[in-house]
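Notes to accompany the following structure.
Keep in mind that the numbers below use all heavy atoms, side chains included, and drop hydrogens, waters and symmetry copies.
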Amino acid sequence: MKLDRLIGILSILLQRETVTMPYLAETFEVSRRTVSRDIDALCRAGIPLATRQGAGGRVSLLAGGRVDRALLTSGELQAILAGLRSLDSVSGTHRYVQLMEKLAGPGAQEGDMLIDLAAWHKGPLSEKIELLQQAMGAGRVVLFHYYAPSGETDRVAEPCHVVYQWGAWYLWAWCRQRQDYRLFKLDRMARLALGESFPKGEAPWPDLSDQRVFPEQFRVELLVPPAYKWRLVEEYGEGSFTLQPEGWCRFSTGFTYLDSAVDFCLSFRGDAQVLGPEELKTALAEVGRKLLKQQKT
């Protein structure tokens, strides 16, 4: 949708000093001509954008200006404000709404949508996001201690984007240790600090498709009792299972790691019947033996 794209372009410009037209076209998977029309639409709405000719053409957001409300419907303006307020929910400041009020003018209607992207531990998360935005704006590397299932490591990374996906916040960065782009979960980062400057360039946007980030290695099949139907609907959708006699749900889903599949099955407290695969049954049996051993000691 065009409105979604306009909000996305504005969000990128709020986080970066300048971007190129080809970068925006690749990010939103549209033509450069479409991006040019979007930029024109934002300019006609009064959003102060500066464009420069050159290799690919560049665009940046200037301070000041007002949105011509006649060019945006009330619903469109409220959608933009809701999106910006959602960023304020984790930024620890009110700068995004303050910027929108500069653009749209004071007294903009609140609307009926509230989006809160903060975690329970909002303080540390807000501080991390603020520091990462500072690092990206100044072109400085970040140093941090990282906790991963494979172990703990100290990393030095060139930050590119802060990403909200799968209900969590991530950093997309060039990892100097791995010599490749990596997604780092902010909740697993500790002792985050700024490092030296690095030459900034345009980084590719991460491929966040489930097939790329969470490739299926294990296909889990379960028979889930009716008491857990609500959970399957909430987490996977109403069409994720087929009803069996007596209301049981035959359910199938994929996992990248066997440990994750084990944790998922254990969350049913032994009420769900595991149909496969066999390595999952073996792993669950091993967990059961460990629990019994602990109870006897």
For the residue pair [X] and [Y], establish whether any side-chain heavy-atom pair is separated by less than 4.5 Å.
X	Y	result
P226	W248	yes
R219	P277	no
V59	L24	yes
L171	K185	no
D154	R191	yes
L131	L194	yes
F184	M189	yes
M136	V162	yes

* Sidechain N-carboxylate O distance under 4.0 Å for R182, E158 ->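 No, R182 and E158 are not salt-bridged.
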Quick check on [X]: does its [atom1] atom have over 12 non-hydrogen neighbours (other residues, nucleotides or ligands) under 6.0 Å away?
X	atom1	result
E246	CD	no
E152	CD	yes
Q295	CD	no
E238	CD	no

Straight-line distance of [X] [atom1] to [Y] [atom2], nearest 0.5 Å:
X	Y	atom1	atom2	answer
Y257	D263	OH	CG	13.5 Å
F28	W205	CZ	CH2	7.5 Å
C249	L223	SG	CG	9.0 Å
E221	R250	CD	CZ	5.0 Å
Y146	L192	OH	CG	12.0 Å
H161	W172	NE2	CH2	8.5 Å

* Go through the steps to decide whether Q244 and T242 satisfy the test side chain to side chain donor-acceptor pair (under 3.5 Å), and finish with yes or no. => CA-CA 6 Å; Q244 304 295 300; T242 56; 3.2 Å; yes
Keeping the roles fixed (side chain from [X], backbone from [Y]), state whether a donor-acceptor pair exists under 3.5 Å.
X	Y	result
T34	V30	no
R140	G195	yes
Q179	R176	yes

For [X] against [Y], the heavy-atom pair lying closest together:
X	Y	result
K281	V274	CE-O, 3.2 Å
C175	R155	SG-NH1, 3.4 Å
G237	F241	O-CE2, 4.2 Å
D271	P225	O-CD, 3.5 Å
P215	T256	O-OG1, 2.8 Å
P159	A173	CA-CB, 3.8 Å

* **Geometric cation-pi criterion R188 and F144, 6.0 Å radius, 45° cone** =>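 Judged by the rule (NZ or CZ under 6.0 Å from the ring centre, within 45° of its axis), R188 is not positioned above F144.
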Honestly curious: do [X] and [Y] fall in one hydrophobic cluster under the side-chain, below-4.5 Å linking rule?
X	Y	value
F255	L258	yes
L243	F268	yes
W174	F198	no
L280	Y236	yes
L222	L266	yes

* Apply side-chain contact (heavy atoms from CB on, under 4.5 Å) to K290 and E286, showing your working. => CA-CA 6 Å; K290 287 182 179 178; E286 179 62 26; 3.6 Å; yes
* To do: Begin with the C-alpha distance, continue with both residues' side-chain angles, and end with the deciding distance and a verdict on side-chain contact (heavy atoms from CB on, under 4.5 Å) for F264 and E235.
  => CA-CA 12 Å; F264 177 74; E235 297 182 9; 4.2 Å; yes
* To do: Check step by step if side-chain contact (heavy atoms from CB on, under 4.5 Å) holds for V142 and V156.
  => CA-CA 6 Å; V142 289; V156 178; over 6 Å; no
* Apply side-chain contact (heavy atoms from CB on, under 4.5 Å) to E196 and V141, showing your working. => CA-CA 6 Å; E196 75 275 9; V141 301; 3.6 Å; yes
